2 protein chains.
Amino acid sequence: MAKRLPEGWLRRIQLAGYRLTRPRQAVLGVLAESEVALTVAEVHRRARARYPRLGLVTVYRTLDLLVSLGLVHRLPAETGGQLYIRTDLQPPSHHLICRVCHRVVEIPCTGLEEMTHEIEQVTGFAVQGHWLELFGLCPTCREEREK
Amino acid sequence: MAKRLPEGWLRRIQLAGYRLTRPRQAVLGVLAESEVALTVAEVHRRARARYPRLGLVTVYRTLDLLVSLGLVHRLPAETGGQLYIRTDLQPPSHHLICRVCHRVVEIPCTGLEEMTHEIEQVTGFAVQGHWLELFGLCPTCREEREK
DNA sequence: CCCCCAACTGAAACTGATTTTCAGTTATCA
DNA sequence: TGATAACTGAAAATCAGTTTCAGTTGGGGG
Ligand SMILES: [Mn+2]
Ligand SMILES: [Mn+2]
Ligand SMILES: [Zn+2]
Ligand SMILES: [Zn+2]
């Protein structure tokens, strides 16, 4: 079950001048192994299995670090708070999140560019950015539901 | 400046079995008169001008009430927290929010339906809902910026 | 190999937004 | 004009996240 840290995470972190401490390694390991997006509390819970002294503050700090290095995505959750999941090799885009298990797939925002142009024409606004998030059920949770 | 309460607000509230109290009237009046989306704190500040004893808790409660009756939209703000603005006659849809003054225009999500179908095919997810929010500058704030 | 010290840590206190609790007030209707 | 269920504000609680600070430690230099 102990999947390797994604290629280059350790290198990325040290090259950026950060130290590779035990608390960080615990958080890194948890993020590296999860295929679904995790809440901060869940990251804390899991990482404590690897390093029991780990404080919640350090989880927040390490998640911020990983996000700033582009290794992890931060997604606003429907219910408030944030979810975290490794970016891995997928291009940054938008997310489709399973409401049950928090599995995440990235989706392109095909068509939004033209939509944006149209909206600028009609409204006179200068559109500077957008938020797009889709919610639903992943294939697995969908099956589960049908039983 | 004292614009009338939008057609039917009072009726809607009483028909739904709610009482029309002074604190509620203060909050209602503020929402009714604002053309831009307001934070809870701002609603509180303005409503106190009409009814100084008004507590913040009642602002929250009244906003929840108005949202549940469909009279007011609750929009997640980029910076955390929520913004509130009357739904008025516009159809429920998505929002384009001015980053400076919080003016809001509603936008249709043209093209998202087909996009959704495509995504369901590719990912196997059942898409149940989405969040789309655009951010930018309204014509006025845009001009202001240019000076 | 070990030492040094800036980077890093956890505890605790803090913040800002929102919710819960509860004892007192009030809008409405018989 | 009551009676009373709905409603209220104050205060305390909760929840996510941040700040502070005194103590700890990874890892490059000697
Ligand atoms: Mn996009
Ligand atoms: Mn839509
Ligand atoms: Zn799922
Ligand atoms: Zn504006």
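Residue numbering restarts at 1 for every chain, and letters A, B, ... go by the order of the sequence lines. Note that the coordinates shown come from a computational prediction; the quantities given were computed from them, not determined experimentally.
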Undergrad: Whole Å only: how far is the CZ atom of B/R24 from the P atom of D/dA6?
TA: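 Atom CZ in B/R24 sits about 11 Å away from atom P in D/dA6.
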
Undergrad: Where do B/R145 and B/V100 land on the side-chain contact (heavy atoms from CB on, under 4.5 Å) test, with the steps shown first?
TA: CA-CA 10 Å; B/R145 178 98 5 148; B/V100 174; 3.4 Å; yes

Undergrad: Which of parallel (below 30°), tilted (30 to 60°) and perpendicular (above 60°) describes A/H94 and A/H130?
TA: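 Tilted: the ring planes of A/H94 and A/H130 meet at 30° to 60°.
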
Undergrad: Taking atom P of C/dT9 as reference, at what distance in whole Å does atom CG of A/L28 sit?
TA: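 Atom-to-atom, A/L28 to C/dT9, this comes out as 11 Å.
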
Undergrad: Please state how far atom CG in B/L65 lies from atom P in D/dA6, giving the value in whole angstrom units.
TA: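 After rounding, the reported distance stands at 14 Å.
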
Undergrad: Using atom NE2 of A/H44 as one end and atom P of D/dC15 as the other, report the distance to the nearest whole Å.
TA: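 Spelled out: NE2 on A/H44 to P on D/dC15 is 16 Å.
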
Undergrad: Nearest whole Å is fine: how far is C/dC8 P from A/L63 CG?
TA: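 In whole Å, C/dC8 P and A/L63 CG are 15 Å from each other.
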
Undergrad: In B/S/- notation, 5' to 3', how is nucleotides 17-30 of chain C contacted by protein heavy atoms closer than 4.0 Å?
TA: SBBBB----BBS--

Undergrad: Taking atom P of D/dC7 as reference, at what distance in whole Å does atom CD of B/Q25 sit?
TA: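 Value for this atom pair: 13 Å.
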
Undergrad: State, without any angle test, whether A/R22 and A/Y51 hold a side-chain donor-acceptor pair at a distance under 3.5 Å.
TA: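 No pair is found: no donor N or O on one side chain lies under 3.5 Å from an acceptor on the other.
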
Undergrad: Distance check, rounded to the nearest 0.5 Å: A/C109 atom SG versus B/L112 atom CG?
TA: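 Between A/C109 SG and B/L112 CG, I get 10.0 Å after rounding to 0.5 Å.
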
Undergrad: Under the salt bridge (charged side-chain N to carboxylate O under 4.0 Å, His left out) rule, what pairs show up with a residue in residues 36-48 of chain A, not counting sequence neighbours?
TA: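 Checked against salt bridge (charged side-chain N to carboxylate O under 4.0 Å, His left out) - neighbours excluded - the pairs reaching residues 36-48 of chain A are A/E42-A/R45, A/E42-A/R46.
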
Undergrad: CD of A/E114: more than 12 outside heavy atoms within 6.0 angstrom?
TA: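 No - once you tally the heavy atoms of other residues, nucleotides and ligands closer than 6.0 Å, there are 12 at most.
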
